[in-house]
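Remarks on the structure that follows.
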Amino acid sequence: MAERAPFSVQTIPGFAAIAIFTFVAIYTPLVILVAFSFNAGDSLAIWEGFSLKWYYRAAANEQVQSAAIRSLYLAGISASVATVAATMAALATTRTRHFPGKTMIYALINQPLMIPEIVTAVALLIVFAWVKVATGHTSMIYLIAAHTAFCIPFAYLPIRARLETMDDTLEKAAADLYAGRWQVFRRITLPMMMPGIIAGLMLAFVISMDDVVITEFVKSAGQDTLPTYMLGQLRRVVTPEINAISTVVVFAGAFLVTIFFWVSSNRR
Amino acid sequence: MQNLRYARQNETVGTTTETGQDGGPNTIMQAQTDVAEPAPMPGDTSNTREIAIDARKISKIYRGEDEVRALDNVSVRIRRNEFFTLLGPSGCGKTTLLRVIAGFEPPTSGQLWLNGKDISRLPPNKRPVNTVFQNYALFPHMSVANNIKFGLEMLGKPKAEINQTVEEMLTLVQMQAMKARRTSEISGGQQQRVALARALAPKPEVLLLDEPLSALDLKLRKEMQMELKRLQHETGITFIFVTHDQEEALTMSDRIAVMSAGKILQIGSPQEIYQRPAERFVANFIGESNFLDARLSGGSVTLKAGGTFPVENPANVADGDVSVLLRPEHAFLSDAEDALPARVETVVYSGEATSMHTRLEQSGEPVKLRLANAPTGSGMPEEGAQVRIGIQPGALSVLKD
């Protein structure tokens, strides 16, 4: 009897062509963006030689500096708070007995993912406008609150996924070995769910760093983050400085993800 | 489905609280009765002290669409320093009983005493009882040594003592060389040893083993059976072992409790369980059996197939129509006048013995014989041959159906 080769998508005609086309389509614009960040001239279309001048210029630009710092500060705080909340939510929806409305709560936690961002942005604009008028307070707290809120479901998903694949006999075994509830959490549950927490934190951080729509609606004067600053610049003169900033953001993101995979694969 | 699960849990909680409310006075009465009442074993004062686990009328009921009685009024006393096995098919309640003893499942009703103390309502971490889990449940983010250390640290033992005990345990299970390894870096048999060491390290009063050998291959399983017996002797800890493997139960246990459908059918030594099973289920579950119809009258039976024989009656079945057990190896081919005439149906050679399936002429009942093979390998009747079957003295035993 002739042996049939096991099914493999590689044997489908055109597999390689489609794969190559997809990668080219995704990465060509990025490659062009990165290439022109090194352009010696002012153009985004005409190559005038290699130079790092746009990087120096971006680094020396005080607006870029303050926007970058503000972005990191906002993403750092929001992602951390969101991750703590998401961790508690994930524990409450996986490590508890069934209670009425558990499914409902699960849906509520994830609902922000379905609501169009622009709707949330308008809603926040209206509510925060009232609060700002009523209190006269215009600090970063509004941005932090908004970012924390929309980061929670992104942090929640990987943490919950991790908890669900974790064998709860490990926690039983720890309780059997005289660990109290807090010790079980501290010594078993928390370390075991750490890869999920780190993934959630990073996802939340990236989502916050990336946000334009909600930030644009919620921010007060002088509270530009890196994305809203870039958007503002694009409305005026476009120079390869934007490319340089974007390139740094892309590589910083890639670096973070690499670190995460390295950390999580070392844990196993 | 989810509503249903909730209802069931609610039910359990409710019932536990109820027992809690009237548990106080009852507990005291029970304790007093216990001291006053002579234990069912000889020498009652020392015996009460020799009991490690005393389960009293424990029921575990899961309520849902169908009420499931995972444990149905189970009472059992397990002695100190005993290798006690809970044996039964899957779903018989043996693992549920283990989980009730460990504290993972609150019983719906009943009490659990450990060395003279009522532990029914203590959480798992307050019970001096440790478990070896079926899948070992080793902590994957810790080394072998840290796994073993865990229970001792949770008990707050001094550091020097912890390190000494860990070394002892590593030596006991022959895992010194592996102590720095991650648990994912060692083999299944080694994980088994680590799980044992981890559970033994805090020196529990009772060690629970939930089918710990089922994941191992046959050769390793045989080795670990001997290893477990050795560990039990060396540590002097009461072992409660759960298995569905009758051979494992017979080779390892001091006593066996055979369970079915949430009830304990019989408790006894391996010999008692094998030779004098009280019920048809027990006889059937352990070893091979022939069941013969008979009439019981004052200590002897008249078989439907002919002949009257003295009989053992472990379950004290009343006179009348009964089933009696005959183990295949307790029947033999005979020339005697009173032997039962039968016709050979199949003959199966299996090395050290030959299994012969026959049918009794008078009653038409099938009887299996297990005959030792002679060195010359000759002399076995062929299929279709007429034979006479003798029964060894004391081989017949009355079963409660």
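Every chain is numbered from 1, with letters handed out A, B, ... down the list of sequences.
- Across all their heavy atoms, B:Phe150 and A:Ile188 have their closest contact at CE1-CD1, 3.9 Å.
- At a threshold of 4.5 Å between non-hydrogen side-chain atoms, the residues B:Lys149 and A:Leu177 do not count as touching.
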Practice prompt. Check the pair B:Arg127, A:Asp176 against side chain to side chain contact (heavy atoms under 4.5 Å, CB included), reporting the backbone distance first and the verdict last.
Written response: CA-CA 8 Å; B:Arg127 299 186 183 199; A:Asp176 189 60; over 6 Å; no

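- For B:Leu138, the part sitting under 4.5 Å from any heavy atom of chain A is the backbone (N, CA, C, O) and nothing else.
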Worksheet item: Does the pair B:Asn125 and A:Val184 meet the rule for a side chain to side chain contact (heavy atoms under 4.5 Å, CB included), with working shown?
Response: CA-CA 10 Å; B:Asn125 59 317; A:Val184 172; over 6 Å; no

Report, one line per pair, each donor and acceptor closer than 3.5 Å where one atom sits in a side chain of residues 195-213 of chain A; sequence neighbours left out.
unit_1   : atom_1 : unit_2   : atom_2 : d
A:Ser208 : OG     : A:His147 : ND1    : 2.7
A:Asp211 : OD2    : A:Ile214 : N      : 3.4
A:Asp211 : OD2    : A:Thr215 : N      : 2.9
A:Asp211 : OD2    : A:Thr215 : OG1    : 2.7

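- Listed options B:Pro204, B:Pro128, B:Ala199, B:Ala195 were ranked by heavy-atom pairs under 4.5 angstrom with chain A; first place goes to B:Pro128.
- Crowding of A:Met114 atom CE: a count of heavy atoms from other residues, nucleotides or ligands under 6.0 Å exceeding 12.
- Sparse packing is recorded around NZ of B:Lys179, with 12 or fewer heavy atoms of other residues, nucleotides or ligands lying under 6.0 Å away.
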Residues 151-159 of chain B side chain polar contacts: donor-acceptor under 3.5 Å, at least two apart:
unit_1   : atom_1 : unit_2   : atom_2 : d
B:Glu153 : OE1    : A:Arg187 : NH1    : 3.1
B:Glu153 : OE1    : A:Arg187 : NH2    : 3.1

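- When all heavy atoms are compared, the tightest approach of A:Leu170 to B:Phe139 is O-CE2, 3.3 Å.
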